[in-house]
Protein chains: 2
Amino acid sequence: MAEVSDCLACYLNVLSKPEGLPDEERLLLDDIVVPPLRLEKRDVLCSQGASFDALYAVRTGCLKQETAIDSAETLLTAFWLPGDLIGCDAIDSGRYAGTVSALETATLCQLPFDRLETFRHRLPRLCRRLQNCISRSLREERLNLHQLLGRTAEARVACFLLAISACFQRRGYSPRSFRLPMSRSDIGSYLGLTQETVGRTFMAYQAQRLLAVRGREYHLLDLARLERLASSPGRRQKRP
Amino acid sequence: MAEVSDCLACYLNVLSKPEGLPDEERLLLDDIVVPPLRLEKRDVLCSQGASFDALYAVRTGCLKQETAIDSAETLLTAFWLPGDLIGCDAIDSGRYAGTVSALETATLCQLPFDRLETFRHRLPRLCRRLQNCISRSLREERLNLHQLLGRTAEARVACFLLAISACFQRRGYSPRSFRLPMSRSDIGSYLGLTQETVGRTFMAYQAQRLLAVRGREYHLLDLARLERLASSPGRRQKRP
DNA sequence: CGCCGCATTGAGTCCTATCAACCCTCGTGG
DNA sequence: CCACGAGGGTTGATAGGACTCAATGCGGCG
């Protein structure tokens with residue numbers, strides 16, 4: 001029982017709205033939710049191209065999504081942190097858009113999609129929340145990535161750190177100190193940079209007392225200045 | 001009557017699935033759809049931050065979405081072509097994510113969102129199509145933009161031309177010859193490049209007989225080679 | 001102990017932003 | 001009808017950022 005309502009809390013978090021769902025939807029959801037799932041480091045949650053059958057809500061841990069493009073190239077297209085919903089980009093195509101694997105031990109709730117579809121008419125509020133969740137992802141990623149496109153490595157890394165920081169803060173963790181289980185290479189692939197450049201940028205930040213990094217432990221020392229760096233055009237400013 | 005079913009056809013195109021909606025949904029939709037809207041060049045469809053009240057399906061013409069970031073910087077975050085659905089990124093926030101304006105004369109169908117919500121329970125198929133549409137956008141943009149992040153100007157421009165080409169082809173127009181009403185500067189802002197670099201890249205393509213450009217008329221002369229360019233990592237290849 | 005993955009550091013090269021100049025077209029107003 | 005100006009497009013020179021290639025250090029794990 002405790003387990004199931006935990007799951008419910010998890011969904012409410014993910015499909016975030018402060019007020020809860022109507023009782024009838026909560027009860028029905030209890031019926032649909034699959035008990036939590038546990039992945040160890042390097043375990044694969046789903047493979048690119050595999051048939052889409054469930055959404056997953058991240059409860060703890062960190063995962064990455066890798067999409068093979070070109071038979072020779074694969075991109076890191078997403079990181080998933082606690083509170084994120086995995087699989088929103090697979091709903092229409094019916095296949096997972098990339099291979100999702102755990103960067104560290106992780107626990108997830110599974111929401112089988114066919115059962116959600118079956119009961120769609122009895123879960124109007126939940127569906128609306130799901131719709132909102134996808135809409136928000138679309139808006140935020142579109143903006144973030146377009147912003148990154150015109151930025152220097154310095155600004156891209158700052159954007160990345162601040163995004164992570166904001167995410168942790170929303171979940172109730174410290175926005176200034178955290179551990180990130182991904183490698184420099186992962187971060188580079190996600191940001192469109194090389195691992196060397198990512199590492200060098202961290203070093204430059206450290207020299208400026210903006211950041212303290214030791215291995216994969218990060219301490220943001222000056223959020224205000226990082227924000228200024230993140231939104232500094234670096235290149236690309238028009239002069240009207 | 002013709003007008004209304006035209007609108008319906010428009011939606012079916014936008015929320016694309018070959019088979020039609022059930023009759024009951026078609027009839028209800030006729031009731032919801034607002035007769036087509038016409039915009040002239042430079043007319044504004046909606047302003048960033050304005051209250052979100054409708055989705056718009058592009059019937060003809062071309063529009064752009066500009067998002068102000070920083071009080072000093074505004075990014076071109078989307079182009080909208082015939083068949084596209086405008087406003088998917090505003091559903092959850094209740095505010096339009098950017099200012100959308102016409103780059104040339106355009107006609108659109110308006111779908112008031114509150115009425116869609118009111119009849120949500122009687123439009124299950126339509127809602128599902130909307131959900132699919134947003135999911136697809138999320139996946140495609142995520143992939144495209146992450147791809148662009150690591151690419152040279154040469155490859156970015158090729159990606160852009162091919163995306164446009166594919167879009168026109170899907171709508172039944174020529175994939176090799178088209179007019180694009182946006183300026184070099186618009187394209188640059190969208191791709192994270194300067195107008196000079198965009199123009200120079202076009203010139204370089206012309207010198208290689210890949211492309212013929214005159215003003216805003218484009219003729220793709222060698223799709224295969226363009227595709228190779230678009231997916232050539234340019235930089236960023238790992239050697240394992 | 002020795003290997004392997006990851007991180008750091010350095011030198012050289014290429015790409016692209018920047019700044020500046022010039023051309024063209026078009027719409028406006030005298 | 002023409003002059004003018006604004007906006008968009010093209011071209012060139014320069015400087016700096018980031019990739020590439022290569023070598024070294026570090027840590028965990030078999």
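Reminder, nothing fancy here: chain letters follow the sequence lines and each chain counts from 1.
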For atom CZ of A/R214 and atom P of D/dC26, their distance in whole Å
12 Å
Apply the side-chain hydrogen bond (donor to acceptor under 3.5 Å, both in side chains) test between A/D89 and each candidate in B/R136, B/R142, B/R139; give the one that qualifies.
B/R142
Is a donor on one side and an acceptor on the other found under 3.5 Å between the side chain of A/Q110 and the backbone of A/L55?
no
Whole-Å distance, B/L148 CG to C/dT16 P, equals 13 Å
Listed pairs, N/O of protein and of nucleotides 5-9 of chain D, under 3.5 Å:
unit_1: D/dG8; atom_1: O3'; unit_2: B/R216; atom_2: NH2; d: 3.1
unit_1: D/dG9; atom_1: OP1; unit_2: B/R216; atom_2: NE; d: 3.2
unit_1: D/dG9; atom_1: OP1; unit_2: B/R216; atom_2: NH2; d: 3.1
unit_1: D/dG9; atom_1: OP2; unit_2: B/R184; atom_2: N; d: 2.9

Indicate whether OP1 or OP2 belonging to C/dT16 is found under 4.0 Å from a side-chain N or O atom of B/T197.
no
Nearest whole Å is fine: how far is C/dC26 C1' from B/K41 NZ?
10 Å
Are A/D222 and A/R209 within salt-bridge range, i.e. N to O under 4.0 Å?
no
May I ask you to decide if the ring planes of A/F79 and A/Y190 are parallel, tilted or perpendicular, using 30° and 60° as cut-offs?
tilted
For the pair made of CZ in A/R156 and P in D/dG17, what is the distance, rounded to whole Å?
14 Å
Side chain of A/R200, base of D/dT20: donor and acceptor closer than 3.5 Å?
yes
Can you tell me the distance, in whole Å, between the CD atom of A/E196 and the P atom of D/dC19?
8 Å
In whole angstrom, give the distance that lies between atom CZ of A/R151 and atom P of D/dG17.
16 Å
Whole-Å distance between C/dG5 C1' and A/D186 CG?
12 Å
Phosphate OP1/OP2 of D/dC19: any A/T194 side-chain N/O under 4.0 Å
yes
How about B/L148 and B/L191: do any of their side-chain heavy atoms sit closer than 4.5 Å?
yes
Using 30° and 60° as the class boundaries, would you call the ring planes of A/F52 and A/Y96 parallel, tilted or perpendicular?
perpendicular
